[in-house]
Novice: 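There's a structure below that I have some questions on.
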Amino acid sequence: MALVPKHIKQLSPYQAGKPIEEVQRELGLERIVKLASNENSLGPSSKVIEAVKKSLSENHRYPDPIGFELRNKLAEIYNLKLNNVVLGAGSEGIMSIIMRTFLLPTDEIVAATNSFIGFKVLANSSGIHTNWVKMNNYHYNLEAMADSINEYTKVIYLANPDNPTGTYFTINEFDAFMKKVPNRTIVILDEAYYEFAMDKDDYPDSMYYRYDNVITLRTFSKAYGLAGFRIGYGFGHEDLIGNLLKVKLPFEPSLSAQVAGLAALSDTEYLNKTLSVNNLGKEYLYFQLKKLGYYYIKTAANFITIVLNSPLEAENICFDLLKKGVIVRHLKGFGWPECIRVSIGSASENKFFIENLKIIQRA
Ligand SMILES: Cc1ncc(COP(=O)(O)O)c(C=O)c1O
């Protein structure tokens, strides 16, 4: 259709992990375990459910457009001002606001090839020229990314830890990189998996040393188990945040999402449980995968990427697991066709995955 711009025509629709209902409908299996979208196996905290239930009768009203309560709480926790905090419909929602706020058609983006697919979709649909920089052994190559900055570079996207590799770059690597980034360039530092990496001594928690041109993004979708609510937040210099607030849709995030986020922050027990379930699950999966002879990438997040011998083997494993009721992610769409990614689930989900992997291996 002549009405559609070329860069939009060229896009492929985003393919999310298969929903449980779809697999159940297609295969009629009794048990389906979804380990494809890095969700939290604990479900939402009971404090969140209680708070959201209480707020349901207020839903004939628009939500607070400035999201005061949740922003204020986040500012308090991180020792910031309200004006340093922005909310969005997931951290991806904020990424989209950043793209709409700061990029002009003549600007350029620098990002890593085969990192978070959500950003790739946003960059490709923006029509802005993007310099995609290859990774090095499943790690960001920050030196090569710095070398690709030019006079037009306006936005750089970094995910730390990265999805889908699960790897992270260190404080020293990030500091060395930032020395080469000009002040006129905005760095989106996507810390969607921050909570899973925060205990590492060399992880650059961007809240502890602020750069005026860095916007940190975090989310309630992963460690807080609220992916369905669509609520994320960002921190940055008040000039940057102030302009994002002008472009943000006024009533995003929804009332329930704001209430859910606030309640989730008060439930530290839930967060601790999430981290402990994830650590135990990670050790179990490492041990079992090694025993079965699979090569995996060590993760700083809530998922593990397994590197197979060929794209065909990766595709077959995903298909065979699906037939058994285990949904994992083939990373072909991410640009890693020889890899599959499995989210770390509950002990019982992890066991179900491993038991079925064993059956497939034997067949
Ligand atoms: C690196 C990364 N950033 C952002 C997101 C999106 O998170 P949200 O649900 O907050 O939009 C994801 C989700 O998978 C992710 O892996």
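In this text the structure is predicted, and so the values were computed from the model without any measurement. Below, all heavy atoms of this structure are taken into account, side chains as well, without hydrogens, waters or symmetry copies. Counting starts at 1 for both ligands and their atoms, in listed order.
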Novice: Could you check whether any side-chain N or O of T165 sits under 3.5 Å from a backbone N or O of T167, counting only pairs where one atom can act as donor and the other as acceptor?
Specialist: yes

Novice: Give the atoms of ligand 1, by number and element, whose distance to some non-hydrogen atom of E92 is under 4.0 Å.
Specialist: 6 (C), 11 (O)

Novice: How does A192 reach ligand 1, by side chain, by backbone, by both or by neither, if only non-hydrogen atoms under 4.0 Å count?
Specialist: side chain

Novice: In this structure, does ligand 1 have an atom that sits under 4.0 Å from one of the heavy atoms of N38?
Specialist: no

Novice: Which word best sums up how the rings of Y138 and W336 line up, parallel for under 30°, tilted for 30 to 60°, or perpendicular for over 60°?
Specialist: tilted

Novice: Answer yes if F169 and V187 sit in the same cluster of Ile, Leu, Val, Met, Phe, Trp and Tyr residues linked by side chain heavy atoms under 4.5 Å apart, and no otherwise.
Specialist: yes

Novice: Go through ligand 1 atom by atom and flag the ones less than 4.0 Å from a non-hydrogen atom of N163.
Specialist: 1 (C), 14 (O), 15 (C), 16 (O)

Novice: Are G232 and ligand 1 in contact, using a heavy-atom cut-off of under 4.0 Å?
Specialist: no

Novice: Heavy-atom contact check, 4.0 Å cutoff: does F220 meet ligand 1?
Specialist: no

Novice: Classify the ring geometry of Y194 against Y203: parallel below 30°, tilted from 30° to 60°, perpendicular beyond 60°.
Specialist: tilted

Novice: Report, in ascending order of atom number, the atoms of ligand 1 lying under 4.0 Å from any heavy atom of S221.
Specialist: 8 (P), 9 (O), 10 (O)

Novice: Tell me if the aromatic rings of F220 and F229 count as close, with their centers under 6.0 Å from one another.
Specialist: no

Novice: Considering only NZ, NE, NH1 and NH2 on the basic side and carboxylate oxygens on the acidic side, decide whether E355 and K358 come within less than 4.0 Å.
Specialist: yes

Novice: Are Y284 and Y286 an aromatic pair by the rule of ring centers under 6.0 Å?
Specialist: no

Novice: L331 and L289: same hydrophobic cluster, using ILVMFWY side-chain contacts below 4.5 Å?
Specialist: no

Novice: Going by the order shown, which atoms of ligand 1 are within less than 4.0 Å of some heavy atom of R230?
Specialist: 8 (P), 9 (O), 11 (O)

Novice: What about Y157: any of its N or O atoms under 3.5 Å from an N or O on ligand 1?
Specialist: no

Novice: Which bit of F119 is near ligand 1, meaning a heavy atom under 4.0 Å away: side chain, backbone, both or neither?
Specialist: neither

Novice: Show which atoms of ligand 1 fall inside a sub-4.0 Å distance from at least one heavy-atom site of G90.
Specialist: 8 (P), 10 (O), 11 (O)

